Protein chains: 2
Amino acid sequence: MKIRPRHSRPRYDARARIAKALAHPSRLMILEALEDREVCVCDLTDLVGADQSTVSKHLAVLKQAGLVEDRKDGVMVFYKLKVCCLQGFWDCIETVLSQNLKAQQAVLR
Amino acid sequence: MKIRPRHSRPRYDARARIAKALAHPSRLMILEALEDREVCVCDLTDLVGADQSTVSKHLAVLKQAGLVEDRKDGVMVFYKLKVCCLQGFWDCIETVLSQNLKAQQAVLR
DNA sequence: TCGCTATTTGGTGTAATGGCCATATAGCCA
DNA sequence: TGGCTATATGGCCATTACACCAAATAGCGA
């Protein structure tokens, strides 16, 4: 049966660009940390435990995707969430993970 | 200020694995098509417009992530969604996109 | 101004991703 | 069985992603 895409190709590309920004453990960790409050790069670097330049690049990815925004304060830069819709994303991911876990346990039995 | 990760490193890795599976335009297109009904590989191949082997590999990625499952029927293989939590994901992505659009329009003005 | 700190940017090596082609596998039917 | 169709897999190549180091940039305080 012939299936038509619901949206245009560029639309899927745009969606994928956002999804890609969400697809790295360090970036997930960062986003979660920004859930409560804005945080400076130095603290995020400690949190992630990677090179500071690496973290800076992850932040650039998140910013480029429109997920976070930054604010300079003197020498320091603070990042905060720009969107408030991430809960749906977390819920989705966690649901999949727990379902996968359940499936795996079923296999073992 | 010292920030503690809320979860373990492997937990973030696991989350990122799921997110990665969602981070490709063809796979997003496929997931959306599977929203309503199960679909065979041949129809998905038409839909995506890539080589059949390419689509097969995308499906393997989705399956590996636990997002879809397959059912053989004779020569054909039908895929369907294994999770029902994707709406939260779509909403999140679309919210970000529309917000980005709004921001862009504000710049032009 | 000088030096110190916070951050970003550029360079480079390496690994992962994704595309297609060719091939393997498997069911179905004559 | 032989041939056709549907799907998966292996190989290869080009591109992208990501890690670290080194260097550039910028604010601040002595």
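So that the names make sense, note that chain A is the first sequence line, chain B the second, and so on, each numbered from 1. Note that this is a predicted model, so its numbers are computed, not measured.
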task = For A:Thr54 and for A:Val75, find the nucleotide of DNA chain D with the closest heavy atom, then tell me which residue's nucleotide is more 5'.
result = A:Thr54

ask   = Rounded to whole angstrom units, what separation is found between the CG atom of B:Asp13 and the P atom of D:dC18?
value = 13 Å

query = What is the nucleic acid contact for A:Lys57, judged by heavy atoms within less than 4.0 Å: base, sugar-phosphate only, or nothing?
reply = base

request  = Give a yes or no on whether a salt bridge exists between B:Glu32 and A:Arg11, defined as a side-chain N under 4.0 angstrom from a carboxylate O.
outcome  = no

Minimum heavy-atom distance between B:Val55 and B:Ile30, given as atom pair plus value = CG1-CD1, 4.4 Å

key: Ion pair A:Asp36/B:Arg6, N-O distance below 4.0 Å   = yes

message = With heavy atoms of chain B within less than 4.0 Å as the criterion, where does contact along DNA chain C begin and end?
response = C:dT17 to C:dC28

ask   = Rounded to the Å, how far apart are A:Lys20 NZ and D:dT16 C1'?
value = 8 Å

key: B:Lys63 and B:Asp70 ion-paired at < 4.0 Å   = yes

remark   = note: B:Phe78, atom CZ; D:dT7, atom C1'; distance rounded to Å ~ 12 Å

query = To the nearest angstrom, how far is B:His58 atom NE2 from D:dA8 atom C1'?
reply = 14 Å

ask   = Which whole-number value in Å describes the distance from A:Ile30 CD1 to D:dC18 C1'?
value = 13 Å

note = Nearest-nucleotide check on DNA chain C, B:Ala50 vs A:Met76; residue mapping nearer the 5' end is A:Met76

task = Select base, sugar-phosphate, or nothing to describe what A:Ala60 touches, counting heavy atoms under 4.0 Å on all strands.
result = nothing

inquiry  = Taking A:Asp13 first and then A:Arg17, would you say they form a salt bridge - that is, a charged N and a carboxylate O separated by under 4.0 Å?
reply    = no

request  = Give a yes/no answer on whether the side chain of B:Tyr79 brings an N or O atom under 4.0 Å of OP1 or OP2 in D:dA8.
outcome  = yes

key: A:Asp70 CG to D:dT25 P, straight-line distance once rounded to whole Å   = 19 Å

Side-chain donor-acceptor contact under 3.5 Å, A:Asn100 with A:Gln104 = no

task = Rounded to the nearest angstrom, tell me the gap between atom CG in B:Asp46 and atom P in D:dT7.
result = 10 Å

query = Can you check whether B:Gln52's main-chain N or O pairs, donor with acceptor, with B:Ser56's side chain at less than 3.5 Å?
reply = no

For atom CG of A:Leu22 and atom P of D:dC18, their distance in whole Å = 12 Å

ask   = Are OP1 or OP2 of D:dC20 and a side-chain N or O of A:Ser53 less than 4.0 angstrom apart?
value = no

